[in-house]
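Everything below concerns the one structure shown next.
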Amino acid sequence: MSPLPLLLPLLLLLLLPLLNMEPARATLIRIPLHRVQPERRNLNLLRGWREPAEVPKLGAPSPGDKLTFVPLSNYRDVQYFGKIGLGTPPQNFTVVFDTGSSNLWVPSRRCHFFSVPCWLHHRFDPKASSSFQANGTKFAIQYGTGRVDGILSEDKLTIGGIKGASVIFGEALREPGLVFTFAHFDGILGLGFPILSVEGVRPPMDVLVEQGLLDKPVFSFYLNRDPEEPDGGELVLGGSDPAHYIPPLTFVPVTVPAYWQIHMERVKVGPGLTLCVRGCAAILDTGTSLITGPTEEIRALHAAIGGYPLLAGEYIILCSEIPKLPAVSFLLGGVWFNLTAQDYVIQTTRNGVRLCLSGFQALDVPPPAGPFWILGDVFLGTYVAVFDRGDTKSGARVGLARALTRRAALGLGETAQAQFPG
């Protein structure tokens, strides 16, 4: 009798643990970046809002578990950015990762002589890239605090550990407006839906998935608001890192797949004031520093927390009152997301004077795009957001969970199991 039948049960016992093992954990790619100090004027909104022409079609994700991390720098706890490369060899740029727009652009070496912001930032040089392909289509993007126009070009994108993605991006030839002159970032990388893209250019996230460099059209933001920490957090492409937040994630469906727009059921200020009483629209936007809402509601909110109006819809808070201020809570997906005064008051020191600014700003977005609230970095610094484009069956959604402090996250180790929305 052959010994093989006798060995099979033994082999099965040995192999069974291997067959039941989960897939290998994805390695998290981390690039350390530093924190810089901005000027107060950069509290302004990045862009103007416009109504998308139509609802985009969502592509189905491919299988797998690739995960890429892009650490972010913190711009005085109100603006976040990180680094990418364009061309071969890569030319490095610092960009805002913006969920409220969908184009990638950087300053061009061919920019106009009188475009001052261009000369104060890194500029893309097509002659220095062996993989550059000319396009030449003109583009223009209007922001709330400035305008960018130039020409489209094509080259290789390097982002985190991903290399070789061929993307169409904007070479900015003109950047009018002081916001770009004094900005600590070179350009903007949009993470909105395709319908927002100028000139019909495929957004970088879509390109990464289509070219097989990302397995899922999912990304998440962890924005570190600890002033004692030098780094500003991480953008995770392809999934999320459970070391960044306290589970579970609460998923809320996207109601308009252009901006990351969701339905907000209510807003409460302490026990005595309710806003957004009949429900309202809200935008989750990494390109907006503060939380904004309709003027009348923001005025009522500040009356409840003792805010004093400044210019451009901003308010100041008495620093001594912070321990007494009520929580501001947002009802999303049936779950209350609370912000304490430590979360929503921006504290800074200028010339030895302590200044406390409210994280809430009045902004009236007219129909048909508005009205809506914008949950910017003041909210997204407290709650990790997982942006899931979904597919034609499930649709897009956003997952939210309370963020862990950076120290707590690092205490869990440098490598964590990648989490993908089911």
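As the structure is a prediction and not an experimental result, all values here were calculated from the model. Residue numbers start at 1 and run along the sequence shown.
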>> Restricting to non-hydrogen atoms, name the atom on R123 and the atom on C111 that form the minimum distance, rounded to 0.1 Å.
In response: CD-SG, 4.1 Å
> Taking the six-membered ring for Trp, are H302 and F360 parallel (under 30°), tilted (30 to 60°) or perpendicular (over 60°)?
Replying inline: perpendicular
> Stepwise, does the side chain to side chain contact (heavy atoms under 4.5 Å, CB included) test hold for V386 with V218?
Replying inline: CA-CA 7 Å; V386 180; V218 180; 3.7 Å; yes
>> Is it the case that the side chains of S153 and N135 hold a donor-acceptor pair, with the cut-off being a distance below 3.5 Å and no angle test?
In response: no
> Is the charged tip of R402 near the ring of Y383: under 6.0 Å from the six-membered ring centre and within 45° of its axis?
Replying inline: yes
> How far apart are the closest heavy atoms of L104 and P204, and which atoms are they?
Replying inline: CB-CG, 3.9 Å
> With no hydrogens and no angle check, do the side chains of K268 and T274 hold a donor and an acceptor under 3.5 Å apart?
Replying inline: yes
> ring-ring contact (aromatic ring centres under 6.0 Å, His included) between F337 and F330: does it pass, once the steps are laid out?
Replying inline: CA-CA 5 Å; F337 293 86; F330 304 83; 8.7 Å; no
>> Can you tell me which residue among L290, L363, L284 is in a side chain to side chain contact (heavy atoms under 4.5 Å, CB included) with I374?
In response: L363
> What heavy-atom pair brings G233 and N224 nearest, and what distance separates the two atoms?
Replying inline: N-CB, 3.7 Å
> Is it true that the side chains of Q91 and H122 contain a donor and an acceptor less than 3.5 Å apart?
Replying inline: no
>> Please tell me whether W105 and F139 form a close aromatic pair, meaning their ring centres lie under 6.0 Å apart.
In response: no
> Residues in salt bridge (Lys or Arg N to Asp or Glu O under 4.0 Å) with R110, at least two apart?
Replying inline: E171
> Distance only, no hydrogens: is a donor on one side chain within 3.5 Å (strictly under) of an acceptor on the other, for S197 and S102?
Replying inline: no
> Any luck finding a side-chain donor-acceptor pair between D377 and S289 under 3.5 Å?
Replying inline: no
> Going through the checks in order, is the ring-ring contact (aromatic ring centres under 6.0 Å, His included) test met by F97 and F221?
Replying inline: CA-CA 10 Å; F97 294 101; F221 277 90; 7.0 Å; no
> What pair of heavy atoms forms the shortest contact from I195 to A258, and how long is it?
Replying inline: CG2-CB, 3.5 Å
> Taking all non-hydrogen atoms of both residues, which atom of I188 and which atom of S101 are closest, and how far apart?
Replying inline: CG2-OG, 3.9 Å
> Do Q211 side-chain atoms and S166 backbone N/O form a donor-acceptor pair below 3.5 Å?
Replying inline: yes
>> Less than 6.0 angstrom separating the ring centers of F219 and W260, yes or no?
In response: yes
> Would the F169 and F124 ring centres measure less than 6.0 Å apart?
Replying inline: yes
>> Please find the pair of heavy atoms, one from D186 and one from H121, that lie closest to each other, and give the distance.
In response: OD1-CB, 3.2 Å
